[in-house]
Each structure stands twice: as structure tokens, then as C-alpha cells.
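Here, residue 1 is the first one in the sequence, and each next residue gets the next number. All ligand and atom numbering here is 1-based and tracks the order in the structure. Computed from a predicted structure; not experimentally measured.
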Amino acid sequence: PSLEVEFCGRLYENPLMNASGVCCMTTDDLDSMARSRSGAFITKSATSTDRAGNPEPRYVTVPLGSINSMGLPNKGIEYYLNYVLDRQKRFPSENPPFMSVAGMGIDENIKLLNIIQDSEFSGITELNLSCPNVPGKPQVAYDFELTDRTLKSVFQFFTKPLGVKLPPFFDFAHFDDMASILNKYPLAYVNCINSVGNGLYIDVEKESVVIKPKDGFGGIGGEYIKPTALANVRAFYTRLNENIKIIGTGGIRTGQDAFEHLLCGATMLQIGTELQNEGTGIFERINTELLQILEQKGYQSIEDFRGKLHSIT
Ligand SMILES: O=C(O)c1[nH]c(=O)[nH]c(=O)c1I
């Protein structure tokens, strides 16, 4: 069997990539992703200029996952754009890395996307509408009117492939409302989900929180969030028109977890917490485990089962 996937008109040797934010802050991080067995990779969400982010400790690995309140630290959009344009020149036959952007508001999102639109970048852009950790800045995607207004403005000028990174939703009315907004726009994909916002992890021995920002509140990733991630992948897969693809993110630690996301309808798969834990060797491991599952089940390709989750009749 083969793990090859077609996404936005490009062929990838497998569906695995990093989740923006993990292993993508510096050019060294990005080079290690480029050397790995991932099928693709994405930059840290960028703002107009570099940001230090929140005080540390701001990312902690915990037994069932992770908690983070990084606060959007990044080197600024020019740093990442220079990196991806350099790779485009040096490796013209390869798929360019994905670019992620996260403005502090609609104006900065427009500005960031204009920079990408006016550049030679020929890859895929991810608009992050779900950063949960900038104090005083609510997640855009929890404001449906703002999301609609943002996408309306963006698609007045942006003609390159664009996806949006969404937070988790927990209510069918919200799945329906968000899907009806997203279906109005020529999106390449929707990425479900970002970390589950504003969780709390406690160190009982110290009787304390474990991260410094926001009195210890931070986005939750890892095993904790797989059921929520799978539900969001499935909810949007079944509601969005079929040319809007799904990237599945959340709780992928094994080939089985990857299989579950694909069964729900995901086309590409992003790994955050487990990549942070294990390093880039994880891509070799999960590709191997996923291939074993296809072999055991007699599938030749992911197309044979993508989205074909059974309900109970
Ligand atoms: O705190 C962060 O930098 C961060 N952390 C996350 O868990 N998701 C995000 O989209 C972001 I922009």
C-alpha cells in the first residue's frame, strides 16, 4: 500500500506534518522538519514583526499531553517568508513548506496575507484564527461575525491556496453556523483543531499551576483532546462542500490515531504535542504504523477508506 496523498493539487508522499508552533520557530527547526520523514511541514504562525511572547515557563509536557501559553512568539513574517522562498529556489521540484500567519486583528491579518499574495510564495497558507494565548485577544473563530468579515476581506485579494486553523467547537449549532460561513469562501482547507483553550494543569506536590502566563491557564494538547479533535474533523467533513479539505490535528501519537483522523475525513494530519515529546523520528514511526494498518485491513491507499466512518444503523 501507499500513503501518498493529493492535497491542493500537489502530491505528498504521506499525509503527516508538524502542527504550526512545534519544531518550526527557527530555520534550524524548519531544516530538521525538511530532513524528516514528514510529508510536509509548516512555519510558526507569524505576525508583522518578531514577538518575544509570554514569560516562561510557557510550555509544559504532562502525562496525557501538554499545556501551553506561548503567546505567539515568532521571528516575524519576513523571516519565515525568506526561508520558504529560499527553499522554493533551491528545491524547485519539492512542495514548498506551508506558511502560517496569525495577525493581532483583522487589519494585521489582511496586511500579512497581502505580503504573501505579493510575494513569489507558491505554497499553501494557513490563517490561524484560533490562538488562545494572547492576553486580551479572544480567539477570532469564536466570533462568527468577525470570522465572516475577515474571510470576506481576505478573498477580495488573496488568490493563492488558503486554509484556516480553527479551535474546537462543542455544539451542533456552532458546527452548523461555522460551516455555513466557511462554505461561502473558496478555502482550500480547514484545519481542526487547535489546542483546547484555557485548560489548567496542577502540580499537587507544589499546589501550584505549572505555566507562568495567565495564572496557569493554557491550551491543552495531546491524548486529552483526541475525541474532540476527531469530532471536529468529522463535523466539518460532513458539513463542508467537498472541495474544502480537512487537516486533522489533535491527539495523534500512533498510526492508529492517524487512521482514526483519516476515517473521519482528514486529508493531511498535523502532529504537535507528540512531535514535541518525541522529535522528528515520530514521522518514520507513524508512517510505519499506519502502513501496517492498511496492510492488515487490505487497503491499497488512503482513498480506500478516507471519510468512510460507519454510523450505527
Ligand atoms: O501561544 C501560542 O503561540 C499558540 N499556542 C497554541 O496552542 N495555539 C496557537 O495557535 C498559538 I499562536
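- When heavy-atom distances to ligand 1 are checked against a 4.0 Å cut-off, Val134 has no atom that comes that close, whether in backbone or side chain.
- The closest side-chain heavy-atom distance from Asn183 to Leu240 is below 4.5 Å.
- Using a cut-off of 4.0 Å between Lys/Arg side-chain N and Asp/Glu carboxylate O, Lys111 and Glu108 are scored as not salt-bridged.
- Using 4.0 Å as the threshold, Gly71 has a heavy atom nearer than that to some atom of ligand 1.
- Looking only at side-chain heavy atoms (C-beta outward), Leu30 and Pro97 stay at 4.5 Å or farther from each other.
- For the residue pair Ser69 / Asn54, a side-chain donor-acceptor distance below 3.5 Å is found, with atom types taken as modelled.
- Counting only N and O atoms by type, the side chains of Asn128 and Ser130 include a donor and acceptor under 3.5 Å apart.
- Ligand 1 has no nitrogen or oxygen under 3.5 angstrom from a nitrogen or oxygen of Pro132.
- Less than 4.0 angstrom separates some heavy atom of Pro73 from each of these atoms of ligand 1: 3 (O).
- Geometrically, ligand 1 and Asn133 share a nitrogen or oxygen pair separated by less than 3.5 Å.
- Atoms of ligand 1 found under 4.0 Å from any heavy atom of Leu72, numbered from 1 in the order shown, are 1 (O), 2 (C), 3 (O), 12 (I).
- A heavy-atom separation below 4.0 Å is not found between Lys165 and ligand 1.
- Proximity of Met25 to Pro73: side-chain heavy atoms (C-beta onward) are separated by under 4.5 Å at one or more points.
- Ring-plane geometry between Phe7 and Phe98 is classed as parallel, the angle between the planes falling under 30 degrees on a 0 to 90 degree scale with a further cut at 60.
- At a 4.0 Å heavy-atom cut-off, ligand 1 does not touch Lys137 at all.
- Taking distance alone, with nitrogen or oxygen atoms compared against 3.5 Å, Gly219 stays at or beyond that limit from ligand 1.
- The cationic atom of Arg234 (NZ for Lys, CZ for Arg) does not lie both less than 6.0 Å from the six-membered ring centre of Phe175 and within 45° of the ring axis.
- At a heavy-atom distance under 4.0 Å, no atom of Ala102 approaches ligand 1.
- Protein heavy atom in closest approach to atom 11 (C) of ligand 1: Cys131 SG, 3.3 Å.
- For Asn277 and Thr61, the side-chain atoms include at least one donor-acceptor pair closer than 3.5 Å.
- Within ligand 1, the atoms closer than 4.0 Å to a non-hydrogen atom of Asn194 are 6 (C), 7 (O), 8 (N), 9 (C), 10 (O), numbered from 1 in the order shown.
- Ligand-side atoms of ligand 1 in range of Asn128: 9 (C), 10 (O), 12 (I), range being under 4.0 angstrom from any heavy atom.
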